[in-house]
Amino acid sequence: MTIDPSTAAFDPLAGLVDRDLLHDLAFVDGQWVGADNGSTFRVDDPATGAEIASVPRMGGAETRRAIEAADRAFLSWRSMTAKQRARILRDWADLMRAHVEDLSLILTVEQGKPLAESRGEIEYAASFLEWFGEEGKRVYGDVIPTPIPGRRIVVLKQPIGVTAGITPWNFPAAMVTRKCAPALAAGNTMVLKPAEQTPLSALAICELAHRAGLPRGVFNVVTGSAEDAPSIGEEMTSNPTVRMLGFTGSTEVGKLLMRRCADSVKKISLELGGNAPFIVFEDADLGVAIDALQACKWRNAGQTCISANRILVQRGVIDEFAARLVEYARGLEVGTGTDEGSQIGPLIDKQGFEKVKAHVAGAIDGGAKVVTGGGPHKLGGLYFEPTVLTDVTPDMVMSCEETFGPVAGLIPFDTEEEAIAIANDTPYGLCAYFFTKDMATGWRVGEALEAGIVGLNTGFVSTEVAPFGGVKESGLGREGSYYAIEEWVETKYFTFAGL
Ligand code: SIN
């Protein structure tokens with residue numbers, strides 16, 4: 001069946017139980033506000049192309065006021081005890097869990113991923129609030145034995161001040177809390193801009209922050225379209241009151257923001273593009289490897305920074321692996337995210353869809369063979385068929401850039417050295433996966449892979465307790481875990497003399 005937007009005139013959000021979670025205004029200084037000139041932009045459901053909301057088109061002036069609000073809120077927020085802040089973050093997390101169905105519906109309708117995945121993302125998002133609230137209580141300093149008589153040396157960890165966050169559309173809830181939770185737990189305040197495709201989840205999270213008792217101005221969300229992003233970004237990076245920026249998105253934009261932050265020497269945490277290798281050695285359990293692709297290839301229709309982008313399979317098992325993968329891919333249910341059985345939803349937008357098409361076409365031109373899928377799905381719109389390609393080579397565009405689609409390209413290899421060389425031959429280094437039963441191979445390969453995250457015999461690496469982030473052009477800093485809270489504090493060396 002082809003989905004025709006003109007016949008999709010039903011309200012996909014009709015099932016919301018708590019309609020107050022749905023906001024079409026930005027959240028600044030504890031108030032729901034529009035753009036200064038009243039203009040808005042539309043948010044579309046990628047499943048149908050139909051408009052689901054319109055939200056304010058804000059720019060530099062509105063962002064500046066949000067920064068001022070965050071600055072006013074800073075002193076009292078930092079003066080609260082970590083335990084008081086943790087209580088609020090915990091209540092916020094509990095409210096997210098209590099509203100998981102509504103939040104998942106909003107997320108699915110604006111982003112497209114299947115409801116089951118949205119539920120998982122809401123729990124993942126809540127886990128950052130809960131975990132970092134507790135971790136805020138453990139932002140310890142240090143006492144250093146002094147080399148000078150009559151002195152004491154202590155090290156204080158202090159909040160940075162006003163911070164900014166810019167988050168992507170592929171995880172509209174979890175990337176918001178992965179930034180604001182450590183920032184707020186450590187005593188900072190924040191102004192955040194969500195992706196233009198998916199602002200509604202961020203605004204629903206603000207509603208729950210308000211209900212949890214987060215003081216006004218501590219967390220602010222400004223919305224803007226793709227055309228507004230440069231002026232919002234310019235304000236965030238040039239305003240001297242902002243002392244840190246956390247960003248998840250493309251390497252290209254990350255570099256631009258990094259250059260802009262240099263002028264006022266802001267701290268930055270960047271989670272950028274990836275090009276994850278997924279290496280299957282001959283001795284691997286192929287069933288485990290195929291199942292692992294559910295988490296790191298088919299999840300979110302392949303639209304994650306840690307999606308397996310280059311699937312390297314040792315020559316002796318590549319035919320069997322391909323056959324099993326094709327069977328799996330053919331069994332995947334493609335459909336609207338709100339259909340409970342759906343496993344692969346639509347891609348986010350036309351641009352993303354065209355990129356996936358171009359990567360597949362480029363691979364076919366270069367000699368790759370389509371074993372299943374290979375093009376737009378019969379549902380039409382932004383749906384793409386789960387695709388398996390063989391005879392893919394490392395120099396094809398789909399091996400050099402993130403495809404961000406449900407496309408698995410198999411690259412054969414012969415030796416461990418060759419697999420490592422191919423895996424590392426990229427400017428990116430976010431995540432890598434490999435599969436072997438041999439522990440010696442496991443250690444050697446795990447140590448040799450140039451990536452910030454490595455999964456051995458698993459495709460699932462995401463958790464609030466572990467440091468998420470990349471090396472090389474995949475980013476700077478870490479999100480999640482106690483390593484991340486260190487990003488959101490300043491270290492002060494404080495010495496006492498004359499004692
Ligand atoms: C991302 O794609 O940036 C985040 C993926 C995750 O945290 O699982």
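Ligands are counted one by one from 1 in listed order, and the atoms in each one are counted from 1 as well.
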Proximal atoms of ligand 1 relative to Cys305 (non-hydrogen, under 4.0 Å)
1 (C), 2 (O), 3 (O)
Run the side-chain contact (heavy atoms from CB on, under 4.5 Å) test on Arg211 and Leu21 for me, step by step, so that the C-alpha distance in whole Å, both residues' side-chain angles and the decisive distance to 0.1 Å come before the verdict.
CA-CA 11 Å; Arg211 291 186 198 176; Leu21 290 173; 4.2 Å; yes
If you measure every N/O of Ser462 against every N/O of ligand 1, is any gap under 3.5 Å?
yes
Side chain, backbone, both or neither: which part of Val461 has a heavy atom under 4.0 Å from ligand 1?
neither
Under 4.0 Å from ligand 1, counting heavy atoms only, is it the side chain of Gln303, its backbone, both or neither?
neither
Between Arg178 and Phe468, is NZ or CZ placed under 6.0 angstrom from the six-membered ring centre and within 45° of the ring axis?
yes
Within ligand 1, which atoms have a heavy atom of Arg299 less than 4.0 Å away?
6 (C), 8 (O)
Note the single closest protein heavy atom to atom 7 (O) of ligand 1, along with its residue, its atom name and the distance in Å.
Tyr124 OH, 2.7 Å
Would you say Thr304 has any N or O atom under 3.5 Å from an N or O of ligand 1, going by distance alone?
no
Between Leu312 and Ala419 the two heavy atoms that sit nearest each other are CD1-O, 4.0 Å
Could you verify whether a donor N or O on one side chain and an acceptor N or O on the other, from Lys266 and Ser264, lie under 3.5 Å apart?
yes
Determine, for Phe247 and Lys179, whether the Lys NZ or Arg CZ falls below 6.0 Å from the six-membered ring centre while staying within 45 degrees of the axis.
no
Any Leu379 side-chain heavy atom under 4.5 Å of Val334 side chain
yes
Would you please determine whether Glu402 falls within less than 4.0 Å of ligand 1 on a heavy-atom basis?
no
Please name the pair of heavy atoms, one in Ser399 and one in Pro394, separated by the smallest distance, quoted to 0.1 Å.
CB-O, 3.3 Å
Atom indices of ligand 1, in the order listed, that fall short of 4.0 Å to a heavy atom of Phe171
1 (C), 2 (O), 4 (C), 5 (C)
